[in-house]
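This report concerns only the one structure given below.
Below, each value reflects all heavy atoms present in this structure, side chains not excepted, and no hydrogens, waters or symmetry copies.
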Amino acid sequence: MSNSILALFGVASAAVTIGGFIPYVISIVKHTTKPERASWWIWSFLMTVTLIVQIEQGSTWSLFLTATYLVANVIIAGLSVKYGYGKLELKDKLSIAAALLGVLLWHFADSPTGALLVFISIDLIGNILTYQKTWKSPKSEN
């Protein structure tokens with residue numbers, strides 16, 4: 001595939017991602033959405049690690065998508081401090097610790113399949129926290 005096509009896909013994927021996050025951010029600022037704090041910090045951490053791994057592996061235009069997700073996640077994580085749901089509970093702290101431990105395990109295992117399983121597990125931890133929050137307070141999401 002030509003470099004110009006890869007560039008087009010990389011930039012287009014970032015633009016679509018931004019387009020998807022803007023309404024969510026607006027909803028947070030308008031107090032109609034209350035993001036689950038730990039989830040967004042976990043996803044920000046996961047995207048940071050993903051971006052670093054992609055850079056180390058020599059990725060080029062696909063970095064646009066990952067970097068855009070990282071910036072959007074960090075923005076929402078930051079907004080969650082002021083506008084987020086509830087307070088930081090033990091389950092949140094344990095989830096964040098599990099995410100950190102998962103990345104450490106992946107780093108020392110040095111296995112592509114292991115990395116994928118760890119990253120999926122970390123993402124799942126963030127999703128479970130948000131699902132629990134949304135189940136308890138369905139109006140906290142738009």
Side-chain angles (χ1 to χ4, degrees), residues 1-107 109 111-142:
M1 195 174 293
S2 76
N3 196 39
S4 58
I5 296 293
L6 292 174
L8 175 68
F9 285 148
V11 173
S13 66
V16 169
T17 299
I18 291 168
F21 275 97
I22 288 173
Y24 195 73
V25 169
I26 291 169
S27 179
I28 292 169
V29 175
K30 287 183 173 182
H31 300 282
T32 54
T33 296
K34 294 179 181 277
E36 206 295 322
R37 289 179 181 96
S39 292
W40 288 100
W41 287 106
I42 288 169
W43 292 327
S44 295
F45 173 67
L46 185 61
M47 281 296 108
T48 300
V49 174
T50 302
L51 185 64
I52 291 167
V53 169
Q54 282 186 301
I55 291 169
E56 287 177 352
Q57 294 298 314
S59 296
T60 56
W61 292 105
S62 64
L63 293 173
F64 276 84
L65 177 62
T66 306
T68 303
Y69 266 106
L70 173 58
V71 169
N73 286 347
V74 168
I75 289 169
I76 293 172
L79 288 171
S80 77
V81 173
K82 180 176 180 180
Y83 299 103
Y85 178 82
K87 59 183 179 179
L88 198 62
E89 298 177 11
L90 179 60
K91 70 175 174 55
D92 300 315
K93 293 174 187 176
L94 291 173
S95 297
I96 291 169
L100 294 171
L101 179 63
V103 170
L104 282 174
L105 290 174
W106 156 75
H107 180 70
S111 160
T113 304
L116 181 60
L117 292 173
V118 166
F119 278 42
I120 290 170
S121 299
I122 294 169
D123 186 53
L124 182 61
I125 289 168
N127 280 293
I128 288 170
L129 292 171
T130 295
Y131 295 150
Q132 288 176 335
K133 184 242 354 168
T134 306
W135 183 262
K136 290 179 187 176
S137 181
K139 292 187 181 191
S140 67
E141 289 290 333
N142 62 355

Quiz item: Just wondering, do Phe21 and Ile75 contact through their side chains at under 4.5 Å, heavy atoms?
Solution: no

Would you tabulate the side-chain donor-acceptor contacts of residues 133-142 under 3.5 Å, counting partners in other chains and residues two or more places apart, or write 'none'?
{"from": "Lys133", "atom 1": "NZ", "to": "Lys34", "atom 2": "O", "distance (Å)": "2.8"}
{"from": "Lys133", "atom 1": "NZ", "to": "Ser140", "atom 2": "OG", "distance (Å)": "3.0"}
{"from": "Lys133", "atom 1": "NZ", "to": "Glu141", "atom 2": "OE2", "distance (Å)": "2.5"}
{"from": "Thr134", "atom 1": "OG1", "to": "Thr130", "atom 2": "O", "distance (Å)": "2.8"}
{"from": "Ser140", "atom 1": "OG", "to": "Ser137", "atom 2": "O", "distance (Å)": "2.6"}
{"from": "Glu141", "atom 1": "OE1", "to": "Tyr24", "atom 2": "OH", "distance (Å)": "2.9"}
{"from": "Glu141", "atom 1": "OE2", "to": "Tyr24", "atom 2": "OH", "distance (Å)": "3.1"}
{"from": "Asn142", "atom 1": "ND2", "to": "Ser27", "atom 2": "OG", "distance (Å)": "3.3"}

Quiz item: To the nearest 0.5 Å, how far apart are CD1 in Ile125 and CD1 in Ile120?
Solution: 12.5 Å

Pair up each side-chain donor or acceptor in residues 76-101 with any protein partner under 3.5 Å, not counting sequence neighbours, and list the distances.
{"from": "Ser80", "atom 1": "OG", "to": "Ala77", "atom 2": "O", "distance (Å)": "2.5"}
{"from": "Asp92", "atom 1": "OD2", "to": "Glu89", "atom 2": "N", "distance (Å)": "2.8"}
{"from": "Ser95", "atom 1": "OG", "to": "Lys91", "atom 2": "O", "distance (Å)": "2.7"}

Self-check item: Nearest-0.5 Å distance, CD of residue Glu36 to CG of residue Asn127
Solution: 11.0 Å

Quiz item: Is there a side-chain contact between Asn73 and Leu46 (heavy atoms, below 4.5 Å)?
Solution: no

Self-check item: Side-chain heavy atoms of Leu70 within contact of Thr66, under 4.5 Å
Solution: no

Self-check item: Side chain to side chain, Tyr69 and Leu51, heavy atoms closer than 4.5 Å
Solution: no

Practice problem: Could I get the full list of side chain to side chain contact (heavy atoms under 4.5 Å, CB included) partners for Val53, not counting sequence neighbours? | Solution: Val49, Gln57, Trp106

Exercise. For Ser39 and Gly126, indicate whether the former's side chain and the latter's backbone hold a donor-acceptor pair under 3.5 Å.
Key: yes

Exercise. Answer yes if the ring centres of Phe9 and Phe64 are under 6.0 angstrom apart, and no otherwise.
Key: no

Self-check item: Reported CD1-to-CZ distance for the pair Ile42 and Arg37, which is rounded to 0.5 angstrom
Solution: 14.0 Å

Exercise. Determine the minimum heavy-atom distance between Val118 and Gly102, stating which atoms define it.
Key: CG1-O, 3.1 Å

Practice problem: With rounding to the nearest 0.5 Å, note down the distance linking OG1 in Thr50 to CZ in Phe45. | Solution: 9.5 Å

Self-check item: Non-hydrogen side-chain atoms of Trp61 and Ile5 separated by less than 4.5 Å
Solution: no

